[in-house]
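Quick notes on the structure that follows.
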Amino acid sequence: MPRIPLFSLLVSIPAIVAAPSTTAQVSRNVQLLGTLDPAPRFSEYNDVWGYVDPATGKEYCLLGSEDGTHVIDCSDPANPVERGMIPSDSSFSSGNFWRDIKTYGSYAYVVSEAHGGMQIIDLRDADNPVKVKTWGSWSNAHNIGVDAETGIVYVCGTGRGTYAIDVASDPVNPTQLYRLRNPYIHDLSVHRGYGYFADQNGNNLQIYDVTQMPASMPRLSSVRMPGGSTAHATWPTRDNDYCLGANESSGGPVSIWDVTNKRLPRLLTTYTAGPSNAIPHNVFIRDRVAHISYYTEGYRTVDLSDPANPVEVGYYDTYSGASGGYDGAWGCYHLQPSGVIYISDVQSGLFIFKPASSAERYGDATTGSAGATPVIHAFGAAFVGNGNFALEAEAAPPARVGALIVGSGRTSVTVAGVAFHVPLVVPQPVIIPMTSDGAGTVKVPLPVPAMAAVAGATLNAQMVFIDSSAPFDWSATQGLEFSTFTP
């Protein structure tokens, strides 16, 4: 695939929309959209997650606090509104207010150090959330993860091991598939057949094969994380080739691992934010960009398009106090289609950000053959000087000719059965030919030159494919909007 310098696209597109200014003393390349403190009588918040109503497309935040789980309508990020609160199953016990939340389908699953079992919350009417029941026999749990593809949730830090639970078959009557009794797993992430577990007591990143359940869950490797003895969180890239690890101790760090060989992970480098006593907490990756809740250093976003050379491209300090310790930004959610980021601050509640590093998906995709719907991704952040920036697609028709359309502005028009989301005539877009590989993936390099003139633009992109087995002989991704900026 030829490398198309982004500058050539910018000068070919007549209309450029300037990106909003985000300069402030406490931030860089991160725009604060809104805040909410729904439980001001309490002093501390904990985890945060997100949900999208499939019927309306409205985006919601699920914010944990000492008293329960707050369901917040964020469809207008400048004016978030609490729609309901699901109380904890027991009163707050000093030092054990932790709560963790994940979603699958139209249900949320919540665990806590303050009570036993897993709360199941019905979000089918997210403006009126309802607790269905509490399921599970453990007395307390520290964390919960979800495999978004299989509908298996993983409850860890229970004192009785890590539970793998099927919620896809029946979301309100789960089935336990497996229990890993040892070691104590503090947090985890699971993606496409592999579990990345944080063994806190051993300070190890452990990788498991989760495809063998319910018969077994083989451990493939265990490697020691750099930093203090507090391995806390993990998150892999979409292709399962790299993984982040957070060491929840003074100085961290966040470690970046090459996990292409699951039996022999290799440490590439580390990233730290702020002074030497700063503590990272939760780490996530989307489109080869990391989003990190970093306690007293607030929110950090880091480009990973070259994993061996991470580049911090934005931050927002949610906490005005001194560095070090466990105040400030606790949780982070990074998967909303709009590209907004939710941060839960221990003292202040919800922050809603739009970082320059994140891309927004919009419009409807056009489903192709065999029911496959192509998905467009950015590869890294489009900052000035990023020679690794690219656009990618997966789930495209294999080995088919297509085109990447890049322009400015949005549209919503259907032509020959294809929903187009980039204007095709005025302003005139740039069209780049491409061909998907045998696995239905394609990557188009768009290196951003180190020229100040290319900063401050908003671009829109879409990929379309000839798909002779599809109803209209075409399939297409959603639209993707991204901005160029100075890191």
| message | Applying side-chain contact (heavy atoms from CB on, under 4.5 Å) to Y271 and R300, what does each step give before you reach the verdict? | response | CA-CA 11 Å; Y271 159 81; R300 302 281 163 155; 3.6 Å; yes
| Is a donor on one side and an acceptor on the other found under 3.5 Å between the side chain of Q478 and the backbone of G363? | yes
| Any idea which heavy atoms bring A290 and L304 closest together, and the distance? | CB-CD1, 3.9 Å
| What is the ring orientation for F482 with F389, classed by angle as parallel under 30°, tilted 30 to 60°, or perpendicular over 60°? | tilted
| query | Would you find a donor on one side and an acceptor on the other, under 3.5 Å apart, between the side chain of T296 and the backbone of G324? | reply | yes
| field | Closest contact, heavy atoms only, L391 versus A378 | value | CD2-CA, 4.0 Å
| field | Residues E392, R288: salt bridge by 4.0 Å N-O rule | value | no
| query | Does V146 reach the side chain of Y109, with side-chain heavy atoms less than 4.5 Å apart? | reply | no
| query | Is a salt bridge present between D287 and R361, judged by a nitrogen-to-oxygen distance below 4.0 Å? | reply | yes
| request: Determine yes or no for a side-chain-to-main-chain donor-acceptor pair under 3.5 angstrom, with N460 supplying the side chain and G409 the backbone. | output: yes
| Whether H334 and W235 hold their rings parallel, tilted or perpendicular, with breakpoints at 30° and 60° | perpendicular
| When rounded to the nearest 0.5 angstrom, what distance separates CG in N29 from CZ in F383? | 10.5 Å
| request: Could you label the plane-to-plane angle of the Y333 and Y342 rings as parallel, tilted or perpendicular, counting under 30° as parallel and over 60° as perpendicular? | output: parallel
| Heavy-atom pair with the smallest gap, counting every atom of H115 and V110 | CE1-O, 4.5 Å
| N/O donor-acceptor pair under 3.5 Å between D47 side chain and W98 backbone | no
| Would one find more than 12 heavy atoms of other residues, nucleotides or ligands at under 6.0 Å from atom OH of Y242? | yes
| query | Can you check whether G298's main-chain N or O pairs, donor with acceptor, with T318's side chain at less than 3.5 Å? | reply | no
| Does a donor on one side chain and an acceptor on the other come within less than 3.5 Å for Y362 and S338? | no
| said: Quick one, E297 with S323, criterion side-chain hydrogen bond (donor to acceptor under 3.5 Å, both in side chains). Give me CA distance, side-chain angles, the key distance, then yes/no. | reply: CA-CA 7 Å; E297 310 317 302; S323 296; 2.9 Å; yes
| query | Taking it one step at a time, do T477 and Q462 satisfy side-chain hydrogen bond (donor to acceptor under 3.5 Å, both in side chains)? | reply | CA-CA 6 Å; T477 69; Q462 184 179 16; 4.9 Å; no
| query | Any side-chain donor paired with an acceptor under 3.5 Å for H232 and Q200? | reply | no
| field | Derivation of the side-chain contact (heavy atoms from CB on, under 4.5 Å) call for Y294 and Y299 | value | CA-CA 6 Å; Y294 223 108; Y299 163 68; over 6 Å; no
| Heavy-atom side-chain contact between I352 and C74 under 4.5 Å | yes
| Pick one: which of H70, E44, R99 meets side-chain hydrogen bond (donor to acceptor under 3.5 Å, both in side chains) with S65? | H70
| request: Indicate yes or no for a side-chain donor-acceptor contact from R286 to the backbone of A359 under 3.5 Å, with no hydrogens or angles considered. | output: no
| query | Do NZ/NE/NH1/NH2 and the carboxylate oxygens of E312 and R28 come within less than 4.0 Å? | reply | no
| query | Does N203 reach the main-chain N or O of G228 with its side chain, forming a donor-acceptor pair under 3.5 Å? | reply | yes
| Could you state the interatomic distance from CG (N277) to CD1 (I279), rounded to the nearest 0.5 Å? | 7.5 Å
| message | Is any side-chain heavy atom of L244 closer than 4.5 Å to one of F284? | response | no
| note | Rounded to the nearest 0.5 Å, the OG atom of S348 sits from the CG atom of D37 at a distance of 7.0 Å
| Could you go step by step and tell me if H291 and S357 meet the side-chain contact (heavy atoms from CB on, under 4.5 Å) rule? | CA-CA 10 Å; H291 304 277; S357 61; 4.1 Å; yes
| request: Spell out, as yes or no, whether a donor-acceptor pair under 3.5 Å connects the side chain of H421 to the backbone of D364. | output: yes
| Main-chain N/O of G145 paired with N143 side-chain donor or acceptor, under 3.5 Å | no
| task | Output, in order, the C-alpha distance, side-chain angles, deciding distance and verdict of side-chain contact (heavy atoms from CB on, under 4.5 Å) for N240 and H191. | result | CA-CA 7 Å; N240 264 336; H191 182 61; 3.5 Å; yes
| said: I'd like to check V30 versus Y315 (side-chain heavy atoms, cut-off strictly below 4.5 Å). Are they in contact? | reply: no
| field | Cationic N near anionic O, under 4.0 Å, R83 to D73 | value | yes
| task | Looking only at non-hydrogen atoms, find the nearest pair between P445 and P447 and report the distance. | result | C-CD, 3.5 Å
| request: Please confirm whether the backbone N or O of A356 pairs with a side-chain atom of S483, one donor and one acceptor, at under 3.5 Å? | output: no
| said: Quick check: do Y184 and H186 have side-chain heavy atoms less than 4.5 Å from each other? | reply: yes
| Rounded to the nearest 0.5 Å, how far apart are CG of D345 and OG1 of T35? | 10.5 Å
| Intermediate values then yes/no, ring-ring contact (aromatic ring centres under 6.0 Å, His included), Y295 and H281 | CA-CA 7 Å; Y295 281 121; H281 192 213; 4.7 Å; yes
| request: Hey, could you give me the CD1/CG distance between I343 and L32, rounded to the nearest 0.5 Å? | output: 11.5 Å
| query | For the residue pair I101 and G64, what are the closest heavy atoms and their distance? | reply | CD1-N, 3.7 Å
| query | Does any non-hydrogen side-chain atom of T301 lie less than 4.5 Å from one of Y316? | reply | no
| remark: Between W49 and C332 the two heavy atoms that sit nearest each other are CZ3-O, 4.2 Å
| message | For Y104 and D147, which I'm curious about, is there any donor-acceptor pair between the side chains at under 3.5 Å? | response | no
| message | Within the structure provided, determine whether V346 and Y45 are in side-chain contact (heavy-atom separation under 4.5 Å). | response | no
| message | Can you tell me which residue among T260, L220, I207 is in a side chain to side chain contact (heavy atoms under 4.5 Å, CB included) with P265? | response | I207
| note | When rounded to the nearest 0.5 Å, the distance separating CD1 of I121 from OG1 of T69 is 4.5 Å
| Beyond-backbone contact of P310 with I256, side-chain heavy atoms, under 4.5 angstrom | yes
